[in-house]
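Remember, it's 1-based here, ligands and their atoms both numbered in the order they're listed.
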Amino acid sequence: MSAKIMDGNMLAREMRAEWKGRAQHLAERGMQPGLAVIIVGDDPASRIYVRNKAKACGETGIYSEIHEFPDSVSQDDVIQRIQELNGDIRIHGILVQLPLPPHFESVKVFASIAAEKDVDGFHLSNVGALATGNAVFPPCTPHGVMHLLRRYGIPIEGQHAVVVGRSNIVGKPMALMLLQKGATVTICTSKTRDLAAHTRRADILVVAAGKPRMITADMVKVGATVIDVGINRLPDGRLTGDVDFDSVSEKAGHITPVPGGVGPMTITMLLCNTIEAAERAQARN
Ligand code: GUN
């Protein structure tokens with residue numbers, strides 16, 4: 001192995017300790033940060049994510065509540081609950097776990113969240129703020145990646161960054177954040193012709209495609225920084241990323257493991273955004 005491992009667990013621990021202090025400081029002044037998480041349906045992975053988010057809140061001094069709805073719930077009922085939470089002074093952040101059932105229009109659901117409580121950064125006004133370089137709540141996963149790059153001293157300005165995946169949650173905001181920091185950015189999708197020709201030119205390669213081990217060593221430049229956002233469960237139950245870690249780590253300069261790379265940073269950024277939302281609410285009072 002030649003690549004340096006980018007340890008998301010370690011950075012998450014460091015950041016959570018710092019932000020826990022900020023949460024305590026707020027609580028001492030009568031404003032404990034609060035997060036409401038909404039989950040619709042019984043997708044097993046989503047249930048685990050939601051439980052982990054609530055646990056992390058507890059460990060960081062954030063009050064949290066989980067609002068569960070069956071698959072059959074109407075979009076209007078969920079929006080009504082969001083509107084109640086918009087007016088709830090104990091709640092500073094509202095997160096609607098994705099994916100939502102097919103009869104939901106997620107843009108409408110996110111539009112109903114008060115923008116100042118949109119700790120996921122998915123409300124159109126927050127998407128627009130990010131796109132114009134004025135992010136208010138940067139989406140958690142790509143923001144966590146930016147912290148990892150900074151912590152490991154990876155230069156961004158003038159570098160060629162290639163993002164594989166164009167989702168609204170990861171790929172698109174990731175590309176915008178790298179662009180904002182001065183990278184030359186290529187976004188690849190499942191339809192991209194000769195993907196390897198693009199990925200081989202990357203100084204920074206971020207992969208969020210949801211395809212187990214799709215990035216192999218021949219697709220990576222020597223010394224590149226490789227960020228693996230994928231979490232895939234193999235038939236034997238083990239987790240693996242979108243990057244073939246064993247071969248790529250022989251060639252890359254830096255690499256994130258799965259698990260223990262980007263994953264712990266996503267929840268950490270949610271905690272940070274929630275505490276920041278509470279700090280802003282206090283400043284408005
Ligand atoms: N599902 C997978 N990732 C995310 C995320 O970052 N936020 C929400 N709300 N749902 C998700």
*side chain to side chain contact (heavy atoms under 4.5 Å, CB included) assessment of Val78 paired with Phe104*: CA-CA 10 Å; Val78 172; Phe104 277 71; 3.8 Å; yes

- Item | Numbering as shown, the atoms of ligand 1 that approach Ile169 to under 4.0 Å (heavy-atom distance) |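 The list of qualifying atoms is 6 (O).
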
Notebook entry, point to check: What atoms of ligand 1 come closer than 4.0 angstrom to any heavy atom of Val96?
Noted result: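 Going through ligand 1 atom by atom, the ones under 4.0 Å from Val96 are 8 (C), 9 (N).
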
- Query: Is it true that a side-chain atom of Asp203 and a backbone atom of Ala224 form a donor plus acceptor pair closer than 3.5 Å?
  - Reply: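 Judged by distance alone, no pair lies under 3.5 Å.
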
**Prompt:** Hey, does the side chain of Asp118 reach the backbone of His123 with a donor-acceptor pair shorter than 3.5 angstrom?
**Reply:**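 Checked: pair present.
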
*Taking NZ, NE, NH1 and NH2 as the nitrogens, is one of them in Lys181 or Glu157 under 4.0 Å from a carboxylate oxygen of the other?*
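No, no charged N to carboxylate O under 4.0 Å.
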
Next item on the list: Please determine if Glu14 and Arg151 form a salt bridge, counting it only when a charged side-chain N lies under 4.0 Å from a carboxylate O.
Entry: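 A salt bridge is present here (some side-chain N lies under 4.0 Å from a carboxylate O).
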
For atom 1 (N) of ligand 1, what is the nearest protein heavy atom, given as residue, atom name and distance?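 Heavy-atom neighbour on the protein nearest atom 1 (N) of ligand 1: Leu98 O, 3.1 Å.
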
| Does any N or O atom in Gln97 lie less than 3.5 angstrom from one in ligand 1, N or O only? |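 Yes, at least one N or O pair falls under 3.5 Å.
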
Closest candidate by heavy atom, reference atom 8 (C) of ligand 1, pool Leu95, Ile267, Leu100, Asp120: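 Closest candidate by heavy-atom distance is Asp120.
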
- Task: With heavy atoms under 4.0 Å as the rule, classify the contact between Tyr49 and ligand 1 as side chain, backbone, both or neither.
- Result: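 Answer for Tyr49: neither.
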
